[in-house]
Amino acid sequence: MVKHLIDPLDLSVSEINDLLDLADKISAEPQKYAHLCDGKKLATLFYEPSTRTRLSFETAMLNMGGSVMGFHSAETSSATKGESVADTIRVVSCFADICAMRHPKEGAPRRAAHFSKIPVINAGDGGHQHPTQTLTDLMTIRRKKGRLHDLTIGLCGDLKFGRTVHSLIKSLARYPGIRFVLISPEELRVPGYIIEEVLQPQHIPYEEGTSLEAALPRLDILYMTRVQKERFFNEEDYVRLKDSYVLTSEKMKLAGPEMYVLHPLPRVNEIALDVDDDPRAAYFDQVQNGVYVRQALILKLLGVKLPC
Amino acid sequence: MLNIDSLQTGIVIDHIQAGTSMRIYDLLQLEKLDCCVAVIKNARSSKFGRKDIIKIEGQVSVDLDVLGFIDPNITVNYIENGHIAEKKALKLPKYIKNVISCKNPRCITTIEEGVDQVFQLCDEKTRRYRCIYCEQEYKRPTP
């Protein structure tokens with residue numbers, strides 16, 4: 001049976017830990033993995049523009065000797081002719097060994113998985129899920145803090161439409177001793193179902209607030225997010241909310257010496273440039289970790305025999 | 001007084017909220033059955049004042065699970081030899097297919113042709129269903 005990654009919860013905690021272990025090994029000895037995908041093809045089906053995620057997937061495959069193909073926007077695919085996701089994946093299944101799909105419509109990768117003969121990786125679907133970003137986030141947190149348990153995680157910005165936020169909360173909620181501090185404007189609070197179906201049933205401590213400054217001293221991790229223009233139907237709302245939070249080096253003085261800042265990128269202005277030089281700024285490390293974790297995921301989903 | 005013969009063998013779907021029997025008729029695709037089906041609207045009910053009833057004659061196989069989603073007050077009686085042989089307890093189905101549709105404009109179901117509208121039960125207590133694609137919760141219309 002073909003294994004897909006559509007939702008972060010498609011992976012058990014032990015599978016996530018295995019993937020992160022493998023990503024660490026790849027990072028330590030990349031040359032050992034340089035030819036494990038010789039002859040394999042990755043299709044990147046990106047119906048929505050993306051720089052980091054697409055290049056990260058392509059780099060991951062190229063790093064292991066595989067090749068890549070695909071399209072970079074819906075305009076350059078048969079979607080413009082009205083082809084369905086179901087038909088596209090049926091066709092791509094004949095060409096490639098594995099595919100990564102980014103789609104503006106939520107649930108598109110799940111739809112694709114129903115018809116696919118090859119593993120489908122959800123590379124982001126609307127404001128819904130982004131499981132490989134979550135793996136990247138988890139790897140970065142584990143590398144910085146040495147663990148994924150007993151942490152206070154602050155999430156700040158657009159928590160309503162931020163798919164990376166939803167995926168990260170769902171995933172971290174499975175580790176013991178996690179506490180969440182959810183910082184956002186009232187209009188961009190975490191959707192109710194995350195609270196009612198993820199946090200409350202598992203009795204996970206969380207608090208919701210609007211002050212970043214008040215939260216900073218208590219955090220182990222601060223996960224900043226961008227207010228995403230593309231998720232708003234109303235330009236006025238976007239303009240009103242886009243500058244709600246700006247992390248500056250001045251505000252970083254309120255945080256502990258081992259509080260790390262993550263961001264799924266791209267950043268607009270929610271993290272000032274002067275934070276980049278702070279050793280606690282981990283968002284560019286995330287980008288590098290993303291390649292390793294995607295290499296690990298491709299290897300696992302393809303069932304490639306790993307070196308001892 | 002309207003007179004509908006009692007069933008010797010069949011199914012009586014009773015205590016349907018008055019005025020909704022035709023929706024149930026459509027959802028259960030009763031028009032496809034090759035047997036006598038009686039739809040009784042606005043019957044007197046000591047419990048609800050008015051109710052609808054659907055009587056299906058004969059030994060027929062009808063998937064009644066969806067009734068649990070539509071209205072838990074509905075009762076289903078299986079009739080044999082003119083008597084109630086079994087009262088079916090309605091449960092919330094784990095999945096419901098093509099009964100309700102996703103209202104999330106960002107959902108793939110809004111553009112993909114031929115896609116079934118499938119909702120999964122995610123919380124039995126609150127009777128919450130979510131679209132299997134985008135996880136948007138189905139909001140029941142307020143009465």
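The sequence lines fix the lettering, A, B, ..., with proteins before strands; numbering per chain opens at 1. Remember, predicted model here, so these are calculated numbers, not experimental data.
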Is it the side chain or the backbone of [X] that comes within 4.5 Å of chain A heavy atoms, both, or neither?
X        : value
B:Cys102 : neither
B:Ile132 : both
B:Thr110 : side chain

Exercise. Sort out for me which of B:Asp123, B:Ile111, B:Thr126 touches chain A most, counting heavy-atom pairs under 4.5 Å.
Key: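 Most pairs with chain A among the choices: B:Ile111.
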
Exercise. Going by the side-chain contact (heavy atoms from CB on, under 4.5 Å) test, name the single residue among A:Arg110, A:His166, A:Gln129 that passes it with B:Glu135.
Key: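 It is A:Gln129, the one option of A:Arg110, A:His166, A:Gln129 that forms the side-chain contact (heavy atoms from CB on, under 4.5 Å) with B:Glu135.
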
Quiz item: Under 4.0 Å between a Lys/Arg side-chain N and an Asp/Glu carboxylate O for A:Lys105 and B:Glu112?
Solution: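 The answer is no: the pair does not qualify as a salt bridge.
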
Quiz item: Does A:Glu270 pair with A:Arg267 as a salt bridge, N-O distance under 4.0 Å?
Solution: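 No salt bridge links A:Glu270 with A:Arg267.
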
Quiz item: With sequence neighbours left out, which residue pairs that include part of residues 26-38 of chain B fulfil the side-chain hydrogen bond (donor to acceptor under 3.5 Å, both in side chains) condition?
Solution: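 Counting only pairs at least two positions apart or across chains, the side-chain hydrogen bond (donor to acceptor under 3.5 Å, both in side chains) contacts touching residues 26-38 of chain B are B:Gln29-B:Lys32.
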
